[in-house]
Structure formats: structure tokens, C-alpha cells
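Values in this document were obtained by computation on a predicted structure and should not be read as measured data. Reminder, nothing fancy here: chain letters follow the sequence lines and each chain counts from 1.
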There are 2 protein chains.
Amino acid sequence: MRFEQQLRDNGVQVTAQRLALMQAVASHPHATADDIAEEARAALGSISRQAVYDTLGMLVDKNLIRRIQPAGSAARYEDRVGDNHHHLICRTCSVMFDVDCAVGSAPCLVASDDHGFEVDEAEVIYWGRCSSCAAG
Amino acid sequence: MRFEQQLRDNGVQVTAQRLALMQAVASHPHATADDIAEEARAALGSISRQAVYDTLGMLVDKNLIRRIQPAGSAARYEDRVGDNHHHLICRTCSVMFDVDCAVGSAPCLVASDDHGFEVDEAEVIYWGRCSSCAAG
DNA sequence: TACGAATTCTGGACAGAGTCAAGTATTAGA
DNA sequence: TCTAATACTTGACTCTGTCCAGAATTCGTA
């Protein structure tokens, strides 16, 4: 199974909780920790909040998933990593879409003045109103 | 006084609390609501938490200040508005610098595929390590 | 200068998201 | 199978931020 392999490749133990959480993230991109816990709970019967946070944090560290935390919302998670894509969020209903990087592979990384930073990510969020909210 | 004028221009009442909060935001860019409350408290003697949140929210609505909410941190406020600038944040120590928009006035607003959204803002955060954290 | 309605501030309770710590259970290598 | 290391559970707790109702302040008008 893919998830099990990803865990082993990263040198961490394989547990039912982790597999269920990875499955939940994969099937519900942009879900919150709570949504993911709910999903995993349906598969496992129960899982503690702490296991959810620990695991999601570990997966983010291992770069197996990505955490996005838009203003005014709990953190969200997605398993699409490594392609430097961005997000489009509706201010009214909070729907979130993926948007490919307009520029290319990772050139958004270049800031006009980097103040001596070693920049490793450029997070871009486009805020606006989705077509249905704009219409309604 | 500039702040008083800004409030009157926006049709809201002028109060000691508001002036102190505006002063605090201006003198401590990128401060959290709590830092700002602390600063205002030093000037006024005391101020309720609710007044702080109400006022900051109102100032953001009136576009007199801007709220930034980086992942893993409380919301921060700054009085530099209307110039579409971005931010550079250190993952280690959380220092935050302003970065001018590399492209120009507001062209970052263009997403590669806008999914029918009416986009009004492109929020860009460069994540990395500042020179002193990278050195240490 | 005083009045009064509208606006704002205070204080306290409350809620959501996430963290800490200690003890128990599970995994996986020998 | 045994054991050490890793992971999970439980429950208390912190930090941001919001809700509410009543008290205080602002400011246009007389």
C-alpha cells in the first residue's frame, strides 16, 4: 500500500491511526484537522485528538502532506505536495481551489529584497469571491 | 492630529482608546493584538480586550490598517496599507519583514486559472530562515 | 453649555484550536 | 518471543478571539 510505504521510507512506524489519517487527507483535500479526525474515526472507531495533531504534524515535517492556514480558519491539510501550487479562497463561503503556479516550477521564491533570508517557500493565497457567491 | 482626522474622515467617533491603539499599531508594525493592547494600556492605564478587538476590526474594515495572519501565529497588524506589499517570515524566530511587490502595483492579482472568482487580493508570504537564525 | 440618542467601552462568560504531560499500548528489530 | 523505542490515550490547560448586557462616552443640536 502506498501510504504504508511512504511511512517506512521516512523511517517512522506504521500504525492504523496513521494510515487512516493519510487516507482521510488524501480523500478530502483542504479539510481541517477536525474533519480529518472525523473521517479517521469513521474508519477506526475512535482516535484521540492528540494522535491526530501529532500525526498531521509529523506528516507535514516529512513533507508527505502540506498545511495551509488561511486567516480566519483552522489549519487545512492536503496531500498535493512538491509542485508549488497556490490557493484561491472565497471570502464569503470559504471554498478553496488549487491554482497552479503562474510562473513555473518555483520562481515565485524570488522576493524583490530577501533581507538575507534563505527562502524555501512562497505561499500565495488569492482572496476573492467565487462565482456562485458573486452571483447570489 | 493625523489619527483623529482619519477617524473623522471615516465617520466614526474619536475616542482615547482608538487613538492609543492606532498609535500602537503605527509604532510597532507586525505586532499582535495582545502586544498592541499592552502598548495602549501603557498609554491609557487600562483598556478592555473587547475594545482592542472591536477597534482593530473596525480599522481593518475602514482600510486604515491591515491584518496579516501567518500560520502558527496570532493575527498581526500594520498600518502600511494600499501598496500591495508582501511579507518575509522566519520559520525559526518569526521575525517578519516587509517586501515590496516584485511585479508592480497589483499584477500579482492574476492567477493562472481563476475558477470564475472575482479576485481582490493576492496575499504572498515568503517563508524561510533569517540570516541570524541561519547562522546560529 | 447642557441634553440625549447613538455609539463605544467594560467585564465576565464562553468557544474553538491546539499543546502539554504522564501513563498505557503497540510496533518492529534482535 | 522479548524488549526498547515509538506511538496513542486521556484530561487538563493555554491562547486567541467572540458574545452579551449594562455602564460610560461622544458629539450634533438647542
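Residue order along DNA chain D, read from the 5' end via each residue's closest nucleotide, puts S73(B) first among V14(B) and S73(B).
Rounded to whole Å, the distance from CG on L7(A) to P on dA28(C) is 9 Å. Rounded to whole angstrom, the span from the CD1 atom of I47(B) across to the P atom of dA24(D) amounts to 17 Å. One can place CZ of R76(A) at 14 Å from C1' of dG16(C), the figure rounded to the nearest angstrom. Residue K62(B) contributes atom NZ, which lies 11 Å from atom P of dT7(C) at whole-angstrom precision. Between R8(A) atom CZ and dT6(D) atom P there is a gap of 15 Å when expressed in whole angstrom units. If you take CG of D54(A) and C1' of dA5(D), they are 16 Å apart, rounded to a whole angstrom. If you measure from atom CG of L19(A) to atom C1' of dA7(D), you get 13 Å, rounded to the nearest angstrom. One atom, CZ of R67(A), and another, P of dG18(C), lie 8 Å apart when rounded to the nearest Å.
Within 4.0 Å of A16(B), counting heavy atoms only, lies no atom of the nucleic acid at all. At the heavy-atom level, Q50(A) lies under 4.0 Å from base atoms of the strands shown. Counting non-hydrogen atoms under 4.0 angstrom, A51(B) reaches a base of the nucleic acid. Contacts of R18(B) with the nucleic acid, taken as non-hydrogen atoms under 4.0 Å apart, involve only primed sugar atoms and P, OP1 or OP2. Residue contacts shown for T55(A) are limited to sugar-phosphate atoms, with no base heavy atom under 4.0 Å away.
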Decide yes or no on side chain to side chain contact (heavy atoms under 4.5 Å, CB included) for R8(A) and V14(A), but give the supporting numbers first.
-> CA-CA 7 Å; R8(A) 291 193 194 288; V14(A) 176; 3.8 Å; yes

Can E78(A) and M96(A) be said to form a side chain to side chain contact (heavy atoms under 4.5 Å, CB included), step by step?
-> CA-CA 11 Å; E78(A) 64 183 357; M96(A) 186 161 166; 5.5 Å; no

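When the nucleotides dT26(D), dG17(D), dG11(C) are ranked by their closest atom to the side chain of Q13(B), dT26(D) comes out on top. Comparing dT16(D), dG18(C), dA7(D) against the side chain of R49(B) picks out dT16(D) as the nearest. Among the nucleotides dG17(D), dT10(C), dT10(D), the one closest to the side chain of Q17(B) is dT10(C).
For R91(A) (side chain) and R129(A) (main-chain N/O), no donor-acceptor pair under 3.5 Å exists by modelled atom type.
Below 30°, between 30° and 60°, or above 60°: for H115(A) and F97(B) the angle between ring planes is below 30°, a parallel geometry. Ring planes of H30(B) and H87(B): perpendicular class, angle over 60° (limits at 30 and 60°).
The side chain of Y53(A) contributes an N or O atom lying less than 4.0 Å from OP1 or OP2 of dG18(C). An OP1 or OP2 oxygen of dC8(D) is reached within less than 4.0 angstrom by a side-chain nitrogen or oxygen of T15(A).
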